[in-house]
Amino acid sequence: MKRTLTQLAATVALGVALGASSLAQAKEFLLGSELPLTGNLARVGQGMHEGIAVAIEMANRAYAGKHSFKVSTIDDETNPAKAVAAVERLIGDGAVALTGGYGSNIIGPASEAAQKAGVVYITSGGVTPELTARGYPTFFRINNSEGYAKAMIGLLEDMGVKKVSVVYLNKDATTNLAKQVQSALSAKGVTVGMHEFDAATSDFKPLLNKVKLQDRSEAIAMVGYENDYVGILRAAKVLKPQVKAVVGVWSLATAQMAKEFPDLMENVYGTSMLPYPVEFTQPEALEFAAEYKKLFNKEPDYLGQFGYVQTRLLIDAIVRAEEAGTLAKGGLADELRRTDAQTLIGRVTFDAKGDNTNFSHRMGQHQTGKVVLVWPKDAANGAMRFPGVPW
Amino acid sequence: MFELILQALFSGVLAGGYYATVAVGLALVFGTMRVINLAHGELVLLAAYIAYAAESRYGMNPVAAIPFALLIVGATSAAIYGLLSRIEEDREINSLILTFGIGIILTNAILMIWAADIHSTTDAWFQDSMVIADTLFAMRAEVVFFVGGLALMAGVYWWLNHSWQGRAVRALSSNRNAAKLMGVNPRQTEVLSFLLAALLATFAGIAIYTGKTIFPALGHVMTVKAFIITVLAGLGSIPGVLVGALMIGVIESLTVTFFSASLQELAGMILFLVVLFVSPSGLFGGRKALAR
């Protein structure tokens, strides 16, 4: 009896000691997030912000009792100088890494500030090649303009069009993407008309009239943001150029655009990872969608997906680095470079420059209030309507 | 090429009409109070968002939302006046800082209430194409609000020249002390011009909501454009605003046609600088410019 009690006491003591040791190791990690929550890019910044919030919630559930995570977010007001100040402040506040950023011209200086402090910066909001060309060991991104260009070029090739007008915003990322599309299509013998515009452009009729009367193209390829697309499509609806398709990139084949502009979006193509209504099948994706709906009472969109994926990969790498004892010694970047994960946006691995070279987008088409995936064939859940324009 | 130029000129004139409806309110307030209201673009945007709310929640036609928008924009405008009138020293400089701050507050209030998504009317009638003389195309909203805007501006012009209150506004603009001696109540007259600016802002807001897209950061863009046009016109000149806005609209449109759409803002600024170089007080400048 005495021996049994001694054994029991020893077991309880060991249990308490192990529990205490485990509690001692449990940590709360602070992530920093610098995003445009106001200003011109507020819409996209808030979309990414929502994805980050979902990632934090899900990670806290996944690592419950072991580690916890929280995020401190600073609004950069779509301003590069404020983004740099935000990064410096977040690092000063003890953020172990940064997730966020939108707009290549803002991410550039912000990630440079993170690089100087030796802190990891991960994003999906800047796709221009210049960002990874710098070779910063602390910079990572899960998407790039090549992946968007691949989808746009692939779709236009499948359409078999011989004349394309590229209408693009004169920012870094949009210009790069437009030029990638131009050079790839030109190499395949397609005649490409390039039309640059400024963010302040609100009347696209003079520009679309050039497409109509001078280019006489078979397709219009738009590279810009939501308000640009609406302006271009409205001008096209007024002038009715004889094109067979209107194709765009991000922020176009979305539930938001389908709901807000049903008359303008019909038959328009845009990059989209998922159809709308969203069809999730994987357990992680289902959990993501449920959490998103719970937090924001709406269907998740692509911005949320990207924000979620980048943050979840970062959190998993933080945990691995912590367990390996390298987090405090700058081991997070190495751990991220070891990432090889199947995610909501496909496989993610990072090359030496921090770019995810696996990234390739899909193309969706607005069809009677839904977004149907039409490219590539193996991801398609419907056939493309071609020729098809919204007027 | 002829077709291109013709369409560019036509589109430029219509765009100028939009710019003018936004800028006239700014010019009117400056004429009366010698104050640049840097929150004017946000007032225009507020009207647009009220039209959006009325349409999306209650299925109202954006034009039918004008009285509601006018009520809210008028009340906001009166509140701004209330704050401005409390400035006792260096009114011109302090009012710039105050209205800039109010503009930021309004932008963020709009962002909090309506989020950052872009919106526009879902009424397809406004976006339908109008074919004018076979080769000229326009959106129905552009033509309707261009004509409406001209009528409104003509009404303001007539009121300034032919009504007692309008003359009081002009008198205050010309010589504040002399106007007071002639029995003009400055406070009442200033409130009146602020309310008139709110009416113009409301009209411009509905025009923008029906013909373009709205988002919270747009107010600042409109204020800057309106400010440039007001200075180009000659501070306080209503006819100058119309001429200046049309010039900016046409030069931007022609730049797109002959050069690149990315240069249109630059072309507008070059025009602005050239006019100021030739005529430093603007097209119809001078301190007594209102309604001239």
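No hydrogens, no waters, no symmetry mates; every other heavy atom, side chains included, goes into these values. Within every chain, numbering begins at 1; the chains are lettered A, B, ... in the order of the sequence lines, protein sequences first and strands thereafter.
Only the backbone of B:Phe259 comes within contact range of chain A, judged by heavy atoms closer than 4.5 Å. If you measure heavy-atom distances from B:Leu4 to chain A, the contacts under 4.5 Å come from both the backbone and the side chain. Contact of A:Glu226 with chain B is made through backbone and side chain together, with heavy-atom distances under 4.5 Å. With a 4.5 angstrom heavy-atom cutoff, A:Asn40 touches chain B via backbone and side-chain atoms both.
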Original post:
Please walk me through it: do B:Glu142 and A:Lys205 pass salt bridge (Lys or Arg N to Asp or Glu O under 4.0 Å)?
Top reply: CA-CA 12 Å; B:Glu142 288 176 314; A:Lys205 285 198 298 302; 2.6 Å; yes

Subject >> Intermediate values then yes/no, side chain to side chain contact (heavy atoms under 4.5 Å, CB included), A:Thr38 and B:Asn108 >> reply: CA-CA 8 Å; A:Thr38 55; B:Asn108 283 285; 3.3 Å; yes

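The shortest side-chain heavy-atom distance between A:Lys237 and B:Ser129 does not fall under the 4.5 Å cut-off.
Closest approach of A:Pro206 to B:Ser253, counting heavy atoms only: CG-OG, 3.2 Å. For the pair A:Glu196 and B:Ser260, the tightest heavy-atom approach, listed with the atom from each and the gap, is O-OG, 3.5 Å. Nearest heavy-atom pair, B:Val256 versus A:Leu207, reported as atom, atom and distance to 0.1 Å: CG1-N, 3.6 Å.
Residue A:Asp203 is tested with B:Glu252, B:Met139, B:Lys212 for a side-chain contact (heavy atoms from CB on, under 4.5 Å); the sole match is B:Lys212.
Rounding to the nearest 0.5 angstrom, the gap separating the OG1 atom in B:Thr213 from the OH atom in A:Tyr229 is 13.0 Å. From B:Phe215, atom CZ reaches atom CG of A:Leu41 across 10.0 Å, with rounding to the nearest 0.5 Å. Rounding to the nearest 0.5 angstrom, the gap separating the CG atom in B:Asp117 from the CG atom in A:Asn227 is 11.5 Å. Atom CD of A:Gln214 is separated from atom OG1 of B:Thr257 by 8.5 Å, given to the nearest 0.5 angstrom. Once rounded to the nearest 0.5 Å, the distance linking CD of B:Gln127 with CZ of A:Phe261 reads 8.5 Å. Atoms CD and CG, on B:Glu265 and A:Asn170 in that order, are 10.5 Å from each other to the nearest 0.5 Å.
Ranking B:His119, B:His220, B:Gln264 against chain A, the residue ahead of the rest is B:His119, based on heavy-atom pairs under 4.5 Å. Between chain A and the residues B:Gly249, B:Ala8, B:Ser262, the most heavy-atom pairs under 4.5 angstrom are made by B:Ser262. Between chain B and the options A:Val238, A:Asp198, A:Leu37, heavy-atom pairs under 4.5 Å are most frequent for A:Val238.
A salt bridge does not link A:Lys212 to B:Glu3: none of the charged nitrogens lies less than 4.0 Å from a carboxylate oxygen.
Enclosure of atom CZ in B:Phe68 is not indicated, since only 12 or fewer non-hydrogen atoms of other residues, nucleotides or ligands lie within 6.0 angstrom.
For A:Glu260 and B:Ser120, the side-chain atoms include no donor-acceptor pair closer than 3.5 Å.
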